[in-house]
Structures are given as structure tokens and as C-alpha cells.
Amino acid sequence: MSFLISSNLFAQSKVYTFTLDGGFGYSRFFSPINMDNFNKNGYSSSLRLMWNPEHLLSAGIESGYYHLYTFKANLQDSLFGNSNAEVTLSSLPILLMFSMKILPNVKLFAGSGILLLFSNGSAYGDKFSTSQVSIADHVGASYTFQWTNKFAIGTEFKYTYIFKFEVAYVSLQLFAQHELFRW
């Protein structure tokens, strides 16, 4: 019975498409660090290219930019004097993604890949910058409203786990989807 219902809801056609999704929104970093001047709120942007074959499972790649946190402090040292210090952490994911349509406008997706992590800061008039690589898992859900035949808008919630630091971040984005071509 459930097979008949699902096959009627998702009638599969012989149409293949490539879509490009671009999004922007809010991100929140989850960490056990609870200090004053540790801002775990940030912004996020993403770009995803997906191949959508005739079945419900799609595959593609995703990248973007996620500002994870900013930490500011006033440093006081008897040898070096006083200084304002600031440290930021951001990530650039490179993920292999899979998505599945579970309702006409709702998709679940999951992926795995690497995160390029960038830390920048300054203190006592000097600036520093470091980078690291971590493996990451990524899951989420999206809701899409079809605006025209080739253009859709929507929102999506994403959860990303960073294995190197055993921490995570979430993001809520508004996105636009454009169908590049179909055959």
C-alpha cells in the first residue's frame, strides 16, 4: 500500500537536470567555550551543483564560506603593555552531497568531505593567520518553492560536524535554485 502511495506521489520521469543552488544566511557555532566576548554567531554562504537523474536520489558537490566565531579580548601584560586582541575562525567546505526528495517541496540531504579552516587574528599590533584541514559530515533539510520552470527559492537548515575539534555548527539559509540545463 505504501509503495503505491509513494509511486503516485513521485511519478518518475526520464528527465535529467543539473541545478545550481546559492544561499546566504545565519550560522551558529557550538563549542564548550563559554566566555565573555566569544561570539558564536556568524554568517554563511553556500554554492551547490547537483545532478538530478530520473530517480529520487541526486548527487553533487557543495562549497561555501561559514564565519564560525569571533573572540575579542583586552590583553594586559607587564612586559608588552595593553592590547586589544581578536581571533576569528571560518570554514570553507568541499563536500560530496546526496539529496533525496521526500515530499514534493522537501528534500533531505547528507554529505561528507573536507573543511578548510582559517583562523585570523591580531594582538599587540601583529597579525597572524593559520589554516587547517578537517574531515566533516553535513546533513540538512530544505523546502523549495518553484517560482518559474527554471528558478526556485527556498530555505534550508544545515548541520555540520567538524571531526578535528569535535564541535559543530548549524546554519539557516535562504537560497535560490537555477536549473542550468535538462535533457
Side-chain angles (χ1 to χ4, degrees), residues 2-3 5-32 40-69 89-118 131-147 150-182:
S2 65
F3 173 75
I5 293 171
S6 67
S7 65
N8 288 335
L9 282 175
F10 304 113
Q12 297 183 7
S13 60
K14 297 285 184 185
V15 175
Y16 303 88
T17 63
F18 272 97
T19 56
L20 183 64
D21 300 358
F24 184 80
Y26 167 78
S27 68
R28 173 78 177 176
F29 184 68
F30 291 102
S31 166
K40 299 178 185 181
N41 300 312
Y43 56 90
S44 62
S45 62
S46 64
L47 197 58
R48 181 171 52 232
L49 179 66
M50 295 296 286
W51 172 55
N52 307 291
E54 78 270 5
H55 48 77
L56 300 177
L57 185 65
S58 300
I61 56 172
E62 181 173 329
S63 189
Y65 180 83
Y66 294 81
H67 177 85
L68 301 179
Y69 70 75
L89 179 68
S90 55
S91 75
L92 188 136
I94 303 170
L95 306 166
L96 177 61
M97 298 297 295
F98 297 95
S99 71
M100 179 173 280
K101 187 182 282 191
I102 59 167
L103 292 171
N105 294 344
V106 178
K107 285 185 180 180
L108 296 179
F109 52 91
S112 190
I114 62 170
L115 286 181
L116 305 175
L117 298 163
F118 302 101
S131 61
Q132 298 181 39
V133 177
S134 177
I135 295 173
D137 283 339
H138 187 77
V139 295
S142 68
Y143 179 84
T144 307
F145 173 74
Q146 198 68 37
W147 192 270
K150 292 190 173 245
F151 186 76
I153 56 173
T155 186
E156 61 187 19
F157 176 79
K158 302 176 183 189
Y159 172 88
T160 305
Y161 184 79
I162 306 170
F163 283 92
K164 185 169 201 116
F165 302 129
E166 297 180 352
V167 294
Y169 61 89
V170 297
S171 68
L172 181 61
Q173 292 186 351
L174 297 175
F175 73 93
Q177 181 180 76
H178 178 66
E179 182 182 294
L180 298 174
F181 55 89
R182 73 172 47 221

Any chance the side chains of Gln177 and Thr144 put a donor and an acceptor closer than 3.5 Å? no
Do Tyr161 and Glu166 come within less than 4.5 Å of each other through their side chains, counting heavy atoms only? yes
Is the Tyr43 ring parallel, tilted or perpendicular to the His67 ring (thresholds 30°, 60°)? parallel
Just by modelled atom types, is the Glu179 backbone N or O under 3.5 Å from a matching donor or acceptor in the Thr19 side chain? no
Could you grab the distance from atom CE of Met97 to atom CG of Asp21, nearest 0.5 Å is fine? 10.0 Å
Ile135, CD1: over 12 other non-hydrogen atoms inside 6.0 angstrom: no
Which heavy-atom pair separates Tyr143 from Phe175 by the least distance, and what is that distance? O-CE2, 4.0 Å
Looking at Asp137, Leu95, Leu96, which one forms a side chain to side chain contact (heavy atoms under 4.5 Å, CB included) with Ser112? Asp137
So how far is it from Ser27 OG to Leu68 CG, rounded to the nearest 0.5 Å? 6.0 Å
Should Leu116 and Val133 count as side-chain neighbours, where that means a heavy-atom distance under 4.5 Å? yes
Can a donor-acceptor pair be found between the side chains of Tyr66 and Thr160 at a distance below 3.5 Å? no
Which atoms form the tightest heavy-atom contact between Leu115 and Pro93, and what is the distance? CD2-CB, 3.3 Å
Check for a donor-acceptor pair, side chain of Ser45 on one end and backbone N or O of Gly23 on the other, with a separation under 3.5 Å. no
Ser46 and Lys158: side chain donor to acceptor below 3.5 Å: yes
Closest non-hydrogen atom pair, Ser31 against Val167: CA-CG1, 4.3 Å
One should read off an interatomic distance between Lys150 NZ and Thr17 OG1, to the nearest 0.5 angstrom, of 9.5 Å
Gap separating the OG atom of Ser90 from the OH atom of Tyr69, nearest 0.5 angstrom: 10.0 Å
Looking at side-chain heavy atoms only, is the closest gap between Lys107 and Met50 below 4.5 Å? no
Distance from Ser142 atom OG to Arg48 atom CZ, nearest 0.5 Å? 6.5 Å
Do Ser44 and Tyr169 have side-chain heavy atoms sitting under 4.5 Å apart? no
Taking the side chain as everything from C-beta on, heavy atoms only, tell me whether Leu20 gets closer than 4.5 Å to Leu47. yes
In Phe18, Tyr16, Trp51, the residue satisfying ring pair (Phe, Tyr, Trp, His ring centres under 6.0 Å) with Phe181 is Phe18
Say you draw a straight line from CG of Leu89 to CG of Leu117; how long is it, rounded to the nearest 0.5 Å? 5.5 Å
Less than 4.5 Å apart, any side-chain heavy atom of Phe145 and any of Ile153? yes
